[in-house]
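Below is one structure, written out as structure tokens; comments come after it.
Along the sequence shown, residues carry numbers from 1.
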Amino acid sequence: MLHQQTQNADFKSGELWDNITTTSTGDEEIEALCLLKERVENSILRQHFNFNVPVLQWAGSFNTSEWQRLKKYQPPFGWKDLPLDLVQSTLALLNDSSSSHLFERRKPEQCVRCAVVGNGGILRGSKQGTAIDRHHFVFRVNGAITKHFEEDVGTKTSFYGFTTNTMKNSLKVYKHEGFTKVPSGQSVRYIFIPSNRRDYVMLSAAIRGLKVTTGVDWGDWPHQYFGFKTPIQHFKILHPDFITYITQRFLKSRLLNSKYGHLYMPSTGALMLLTALHVCDQVSAYGFITKNFADFSDHYYDAVKRPLLFYANHDMQMESWLWELLHASKVMSLYKRTL
């Protein structure tokens, strides 16, 4: 198992820490809340968490022995059926000093507060936008619409998580709701989820600033999604070991042993929330499934109420049980409300 390498490089002007909105919460109260790892150690979850599993892939993740090990497992859990040169050349591009981690702390003892914003209908009318934006970093996923919903979901985006498939489907399906482009700006980082070959191909083309010349996305210009000349440090990709660890330790669904087992993986929102729980000190989840999900629409931007649909490639009910457990254990805060 590879261990995540840390670097000491500081972010410069225009990077993640710029324009951080401070909270009015007192320092003592913040410190009391920022005990994620301590709470894990003192809960029934301590046997599940392993903070040494690498969260991201980068240039240092690839070598011959890792190729031999991970080529046995299908994406997103490995590199099976992926071309050797594609994996090797793509990861070689992630050679910036920040490529192995999501962010650098301003000081070692700093408490980093993160909000992970799902797209659940529970956020419509919630007026949680200001609370969300007060976090140091904000994670969003898929159809992350903020325009016209700022009061409920905020405006800040630090990390946008997706697979190439979910990103493109969101741009198509939620176009009329206002999702016409993915979050962009100097402070936005893009977290690829390596669900299949498409994600390595798109990531490689995006970093090099070239058109996609192979596969399903042939002819795509990544700049239409991520902007022109986006720096290398803005691109991240989850590690197969991290996705395997998350699945086996937290979301080992019975679907894995069903006829849909080859399709199953944790949802994009689940992967981003569990990513935050492994890199941040205080995590708040907004717009995630709760026990009374049927009271709300599928998405906060739905013009007409639509029921939450369950698909065979995710186990949303299992995810909801996990969020309740993490909330009850005070490892994270799950936003809840009643109508």
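- Between atom CZ of residue R39 and atom CE of residue M332 there is a gap of 13.5 Å, rounded to the nearest 0.5 Å.
- A donor-acceptor contact shorter than 3.5 Å links the side chain of D199 to the backbone of N196.
- In summary, of the residues considered (Q57, Q74, Q88), a side chain to side chain donor-acceptor pair (under 3.5 Å) with W79 occurs for Q57 alone.
- Nearest heavy-atom pair, P194 versus F192, reported as atom, atom and distance to 0.1 Å: CD-O, 3.8 Å.
- For NZ of K175, the number of neighbouring non-hydrogen atoms (other residues, nucleotides, ligands) closer than 6.0 Å is 12 at most.
- The main-chain N or O of D85 is found under 3.5 Å from a side-chain atom of S89 such that the two form a donor-acceptor pair.
- Two rings, from Y335 and F288, have their centers 6.0 Å or more apart.
- Checking side-chain atoms of R140 against main-chain N and O of I145 turns up no donor-acceptor pair under 3.5 Å.
- Between the side chain of H48 and the backbone N or O of R249, at least one donor-acceptor pair lies under 3.5 Å.
- For Y245 and H278, the gap between ring centers is short of 6.0 Å.
- Note: Y190 and Y225 fail the aromatic proximity criterion, with ring centroids not under 6.0 Å apart.
- Considering CZ of F296 and OG1 of T338, their distance stands at 7.0 Å, rounded to 0.5 Å.
- Within the 3.5 Å criterion, the main-chain N or O of V201 finds no donor-acceptor partner in the side chain of S204.
- Here D217 pairs with R198 in a salt bridge; the nearest charged N to carboxylate O distance falls below 4.0 Å.
- Closest non-hydrogen pair, I232 versus N95, comes out as CD1-OD1, 4.0 Å.
- Cation-pi contact between K236 and F159: absent, since separation from the ring centre below 6.0 Å together with deviation from the ring axis within 45° is not met.
- Within the model, atoms CG of L91 and CG of N63 stand 11.0 Å from one another, a figure rounded to the nearest 0.5 Å.
- The two residues P240 and Y200 make their nearest non-hydrogen contact at CG-OH, 4.3 Å.
- When all heavy atoms of G143 and S170 are compared, the closest pair comes out as N-OG, 3.4 Å.
- With rounding to the nearest 0.5 angstrom, the NZ atom of K336 is 16.0 Å from the OG atom of S126.
- Shown are S99, S100, S98; of these, the side chain to side chain donor-acceptor pair (under 3.5 Å) with D96 is made only by S98.
- In this structure, R189 contributes its side chain and S158 its backbone to no donor-acceptor pair below 3.5 Å.
- Residue K291 qualifies as open at atom NZ: its count of foreign heavy atoms under 6.0 Å is 12 or below.
- Here the closest non-hydrogen pair linking V331 and L36 is O-CG, 3.7 Å.
- With a 4.5 Å cut-off on side-chain heavy atoms, H234 and V188 do not count as touching.
- Residue M265 comes nearest to S195 through the heavy atom pair SD-CB, 4.2 Å, listed as atom of the first residue, atom of the second, then distance.
- Put simply, the residue from Y300, F179, Y301 that forms a ring pair (Phe, Tyr, Trp, His ring centres under 6.0 Å) with Y174 is Y301.
- Side chains of K127 and D152 form a contact here, defined as non-hydrogen atoms less than 4.5 Å apart.
- The CG atom of L94 lies 5.5 Å from the CG atom of L203; values are rounded to the nearest 0.5 Å.
- Using a distance-only test at 3.5 Å, with no hydrogens or angles considered, no donor-acceptor pair links the side chain of D302 to the main chain of K305.
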